[in-house]
Participant: 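Questions regarding the structure given below will be posed in turn.
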Amino acid sequence: MCGIVGYVGKRPAAPILVEGLHRLEYRGYDSAGLATPEAGGLRVIKTEGRVQQLRNLIKEEIPAAVGIAHTRWATHGEPSDANAHPHLDSAGRIALVHNGIIENSDRLRAQLTAEGVSFASETDTEALAHLIGRLMAAEDAPSLEEAVRAALSRVEGTYGIVVLDRDNPDHLVVARNGSPIVLGIGEGEMFVASDVAALVRHTQQVVYLDDGELAVVRSDEFHTSTLAVEASPVVKSPTTVDLVADDYELGGSTDFMSKEIHEQPTALARALSGRLNERFATAHLGGINMEPRELRAIRRVKFLGCGSSYYAGQMGAQLVEELARIPADAEPASEFRYRNPVVEADTLYVALSQSGETLDTLAAAQELKRKGGQLLGVVNVVGSAIARECGSGIFLHAGPEVSVASTKALTNTATSLAMLGLLLGRVRDLSTADGKRIVAGLRRLPEQVAEILAQEQAVAQVAARFADTRSMFFVGRVRGWPVAREGAQKLKEISYVHAEAYQASELKHGPLALIDNTMPTVIVVPDDELLSKNIGTIEEIKARSGAVIAVTNAELPAGLVDAELRVPRNETELDPILFTIPLQLFAYHLAAKLGRDIDRPRNLAKSVTVE
Ligand code: G6P
């Protein structure tokens, strides 16, 4: 959510900044801007709209070898040129970019206004630029570092910031509290970003700032310290990231969603690699540091996540209950800390997050740790805040996910939770034979996902037939219910077609009233013990002239449904993983048919690092 890039080095900064913003655009894309020093002032170029619009505004070469830049997802103030970052103090000396939310900005704004400061934007960020600027305008002016520290001591909220001083353009001051900041270490040049995606083209050597830390970054060195006014130094060594620029390139794909959908067979194979043990018919999850005795002591499992990670958690809860026969459920992480949750000693809590940054999920994990809960993380991004907060868990190994609509991360999360269910089951009553059956089923998944993807054109044709629909139901029973929820979520987020998910069994208790020949229903129909119930639901919909699209691996009676999206057979417990894939393609092609900007759905952002 919002992207930050900073550079101090030996090359012209502007092209590096704009290229970095382009890599971060999936985090926010309603306005963009940059600031560099120039003779007698700061050059600020900013605009509402995409990074490409910013690029178009840069008409000449800008020689400055230092600068800061930002791509925005609006929180305070609508997307506009004035609200775009960077923001300046009144003297035009300080430029600042910010991710996060300054919660007491109204109070700061009122105090500053009373002191005669006039504001150029409606953002929460601008108050911080003025605070720093006023401190630096004092007679015995502090250094930029001291001024940032003093100004931040008056700020409540979350931030990742980078600050540039026109009069001392040999360094940047960077600080973090709740919004990620990473430094990239080059040779005679340094980079700052909110996400390694902006850095890997230049360097693999990075330093992650932790919450409550500040860094002074020069072209050939950096110093980290605590944020307190009475600061103490913090020694941090660079780590090497295992990512290269190609991981963030489209290659031959038209957009990242399509690229990532098609990466699923390899991403899944990576998640399974080395983790299935045929001999003992179980899973080997090296990141979970728990002895069999401790695993056996778990009485309940609770998954916490947001958006698609929450739906993957629902799939996981079903898997854990079936395989391990322990009560399990999933809850939106965004609600958790506000209901004063009862934290039980023998419950295993599992935080689910692709990015490892989602603030709601991080806050739920922190609440759990504070209350002494047993916590694991199931996370894609190594080194991310949630991964570090949890300390142990399962990495998804899905590779970078850039598309706002999550696909391969959801598949790898659900598959990782199937392995967790298998492990918990095999220290309890899941037999060797059933364990072997699940191990073999998991092994077949990558190939079967590839089989589904090979039918993409058939799914695209079905999607095209329903592209002028204004509203759809997605229904499923038990294992099919989270599949329906995720399918509806995918459709609405990228196509803007209204989609509502229901348990198929609940349809007759209310929503059936909406069924007519303008309201199609997508129904998840595995060939399992509930097949006849699902056929009954289809009949009820047909009797009211509703069109039905079935996602199925069953042989349905001829002419029963209007369209079928086919899925190969595996073990019924693993069905949710496979049944989700055609619905990704369905949403994708329906949105494409409507001409939507698939990687940049309106009003959304990839990593939501604010509440
Ligand atoms: C945002 C994204 C969703 C994503 C959710 C959770 O809302 O738009 O696609 O599922 O965040 O993200 P996480 O990185 O925590 O899995």
Side-chain angles (χ1 to χ4, degrees), residues 1-3 24-30 73 75 99 178-180 194-197 255-257 260-261 267 303-316 330-336 350-366 376-390 393-417 482 485-496 499 580 583-584 587-588 591 596-611:
M1 171 160 289
C2 300
L24 297 184
E25 211 176 4
Y26 67 101
R27 304 175 66 93
Y29 33 82
D30 59 41
W73 185 87
T75 54
N99 284 358
S179 295
S194 50
D195 184 325
V196 287
D255 46 64
F256 280 102
M257 185 173 177
E260 290 160 12
I261 285 175
F303 296 106
L304 294 155
C306 297
S308 293
S309 289
Y310 163 51
Y311 298 134
Q314 263 206 317
M315 296 176 194
E331 178 176 337
S334 45
E335 294 277 291
F336 186 69
V350 186
L352 310 174
S353 177
Q354 183 286 125
S355 61
E357 275 178 40
T358 302
L359 188 77
D360 286 322
T361 312
L362 177 62
Q366 288 165 337
L376 295 179
V378 176
V379 175
N380 197 29
V381 179
V382 178
S384 60
I386 295 172
R388 282 184 291 163
E389 189 70 41
C390 294
I394 310 173
F395 280 117
L396 298 180
H397 298 306
E401 190 179 72
V402 174
S403 161
V404 173
S406 181
T407 54
K408 60 178 180 169
L410 173 125
T411 306
N412 277 24
T413 306
T415 304
S416 301
L417 302 188
R485 295 186 86 184
E486 169 62 13
Q489 167 98 333
K490 276 285 135 324
L491 185 68
K492 62 187 140 197
E493 66 183 334
I494 58 168
S495 76
Y496 321 143
T580 302
L583 293 181
Q584 298 170 346
Y588 177 87
R596 307 298 190 216
D597 186 344
I598 294 196
D599 282 342
R600 294 177 190 82
R602 71 182 179 204
N603 307 339
L604 300 179
K606 181 70 179 159
S607 305
V608 182
T609 53
V610 295
E611 273 202 52

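Computed over heavy atoms, backbone and side chain alike; hydrogens, waters and symmetry mates excluded. Start at 1 and go down the list; that is how both ligands and their atoms are numbered.
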Participant: Are any of the N/O atoms on Thr361, whether in the backbone or the side chain, positioned under 3.5 angstrom from an N/O atom of ligand 1?
Facilitator: no
Participant: Decide yes or no on side chain to side chain contact (heavy atoms under 4.5 Å, CB included) for Met315 and Leu417, but give the supporting numbers first.
Facilitator: CA-CA 8 Å; Met315 296 176 194; Leu417 302 188; over 6 Å; no
Participant: Applying salt bridge (Lys or Arg N to Asp or Glu O under 4.0 Å), name anything that partners Glu331, two or more places apart in sequence or on another chain.
Facilitator: Lys302, Arg339
Participant: Starting from atom 12 (O) of ligand 1, which protein heavy atom do you reach first, and at what distance in Å?
Facilitator: Thr358 OG1, 3.3 Å
Participant: Need the ligand 1 atom indices (1-based, order shown) with element for anything under 4.0 Å from a heavy-atom of Ser308.
Facilitator: 10 (O)
Participant: Please list the nearest protein heavy atom to atom 2 (C) of ligand 1 with its residue and the distance rounded to 0.1 Å.
Facilitator: Lys606 O, 3.5 Å
Participant: Between Arg600 and Glu25, is there a salt bridge with N-O shorter than 4.0 Å?
Facilitator: yes
Participant: What residue and atom, counting heavy atoms only, is the protein's closest point to atom 5 (C) of ligand 1, and at what distance?
Facilitator: Cys306 O, 3.7 Å
Participant: Starting from the C-alpha separation in whole Å, work towards a yes-or-no answer on side-chain hydrogen bond (donor to acceptor under 3.5 Å, both in side chains) for Glu486 and Ser308.
Facilitator: CA-CA 6 Å; Glu486 169 62 13; Ser308 293; 3.0 Å; yes
Participant: Nearest heavy-atom pair of Leu396 and Thr413: which atoms, and what distance?
Facilitator: CD1-OG1, 3.4 Å
Participant: Against ligand 1, does Val404 come closer than 4.0 Å with any heavy atom?
Facilitator: yes
Participant: Tell me: protein heavy atom nearest atom 14 (O) of ligand 1, and distance?
Facilitator: Ser355 OG, 2.6 Å
Participant: Identify the protein heavy atom lying closest to atom 8 (O) of ligand 1, giving its residue, its atom name and the separation to 0.1 Å.
Facilitator: Ala605 O, 3.1 Å
Participant: Nearest to atom 7 (O) of ligand 1, what protein heavy atom do you find, and at what distance?
Facilitator: Val608 CG2, 3.8 Å
Participant: Applying side chain to side chain donor-acceptor pair (under 3.5 Å), name anything that partners Glu260, two or more places apart in sequence or on another chain.
Facilitator: none
Participant: Test your reading of the model: is there a side-chain donor-acceptor pair from Lys492 to the backbone of Ala499, 3.5 Å cut-off?
Facilitator: yes
